[in-house]
A.B. asks: 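Sharing a structure below in structure tokens format, with a few things to ask.
What you are looking at is a predicted structure, and each value in this text was computed from that prediction instead of being measured.
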Amino acid sequence: DPNEDTEWNDVLRRFGILPPKEKPKDEIEEMVLRLQKEAEGKIKDDFFLFFLVKPYERMNLKELKEAEDDFDEADIKAVEMYRQQRLQEWKRLQRRQKYGELREICGEQYVKEVTNAPEDVWVIIHLYRSSIPMCLLVNQHLGLLAQKFPEAKFVKAVVNSCIQNYHDTCLPTIFVYKNGQIKGRFIGVAECGGINLKVEELEWKLAEVGAIKTDLEENPKKDIMDMMTFSMQNISAQKDTNTKNRDVMKPNIT
């Protein structure tokens, strides 16, 4: 009987004379069940990793709070980090909804909107007169910067509503506040950047006092300033040369 479990049949099977002994059906089923359980175990592990180890990636702050008891220490740390991240995102969103534009205020609102602004919020206020072209240019640039940096508060006010008899030569005037204190000031055309002021130049000025975090790597006006310095040096050198030439050409009178 080829299915008998004898030493002779084992020898014949090793030489291929008899086919391999068939495993009992129940043993095959047992192996299948074992493999199935292993596969199911892996699926469960993946399920656990995906849905339990990192559930915070699909939860809001309220759900994270309610699910804290189900997490281990590593999960709790990850949840706390994620919660802080979501909280910061929420704060940024709130600021974007609150700011993000250049708002008009009057003198009566100055203390509330500027001096008593929320803690750690940078406030940039422009005192202007609409009859001065440079003031209109600054307002245009500040409007763009307010959209680019919504975390900062950008406001403008007609100067007469805040300060009576303010001289036109001091306009435009930009004050930068934080926690009720003036952190920077730009008074007059020259300090604000000149009549050809570019928005990037104004962005750099505000970044220098800390009001905004710019992605500009260097002062946009640096090349112009270097050029002006070079020109002044050339003019000075030319004057020195001309003076020396005149001295040489002078008759030697004794």
A.B. asks: Rounded to the nearest 0.5 Å, what's the gap from CG on Leu127 to CD1 on Ile125? Could you check?
C.D. replies: 5.0 Å

A.B. asks: Only counting residues at least two apart or in another chain, list the ones meeting salt bridge (charged side-chain N to carboxylate O under 4.0 Å, His left out) with Glu208.
C.D. replies: none

A.B. asks: Glu104: what forms a side-chain hydrogen bond (donor to acceptor under 3.5 Å, both in side chains) with it, not counting sequence neighbours?
C.D. replies: Tyr128

A.B. asks: Please tell me whether Met134 and Leu136 are part of a single hydrophobic cluster in this structure, the criterion being side-chain heavy atoms less than 4.5 Å apart.
C.D. replies: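 The answer is no; the residues belong to distinct hydrophobic clusters.
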
A.B. asks: Could I get the full list of salt bridge (charged side-chain N to carboxylate O under 4.0 Å, His left out) partners for Glu203, not counting sequence neighbours?
C.D. replies: Lys148

A.B. asks: For Glu191, is there an ion pair with Lys205 - N to carboxylate O distance below 4.0 angstrom?
C.D. replies: no

A.B. asks: Report yes or no: do Ile163 and Val158 belong to one cluster of Ile/Leu/Val/Met/Phe/Trp/Tyr joined by side chain heavy-atom distances under 4.5 Å?
C.D. replies: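 Cluster IDs for Ile163 and Val158 differ.
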
A.B. asks: Quick one: pull up CD in Glu200 and CG in Leu145 and give me the separation to the nearest 0.5 Å.
C.D. replies: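 If I round to the nearest 0.5 Å, the distance is 8.5 Å.
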
A.B. asks: Can you pull out every side chain to side chain donor-acceptor pair (under 3.5 Å) where at least one residue sits in residues 135-146? Sequence neighbours excluded, please.
C.D. replies: His126-Asn139

A.B. asks: Before giving the answer on side chain to side chain contact (heavy atoms under 4.5 Å, CB included), spell out for Val176 and Trp122 the whole-Å C-alpha distance, their side-chain angles and the decisive distance to 0.1 Å.
C.D. replies: CA-CA 7 Å; Val176 181; Trp122 287 90; 3.6 Å; yes

A.B. asks: Rounded to the nearest 0.5 Å, what's the gap from CD1 on Ile132 to CG on Asp168? Could you check?
C.D. replies: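 Interatomic distance, Ile132 CD1 to Asp168 CG, rounded to 0.5 Å: 4.0 Å.
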
A.B. asks: Holding to side chain to side chain contact (heavy atoms under 4.5 Å, CB included), I want the full list of residues that pass it with Ser131, two or more places apart in sequence or in another chain.
C.D. replies: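 Checked Ser131 against side chain to side chain contact (heavy atoms under 4.5 Å, CB included); matches are Arg129.
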
A.B. asks: For Arg185, give me all partners under side-chain hydrogen bond (donor to acceptor under 3.5 Å, both in side chains), at least two apart in sequence or on another chain.
C.D. replies: none

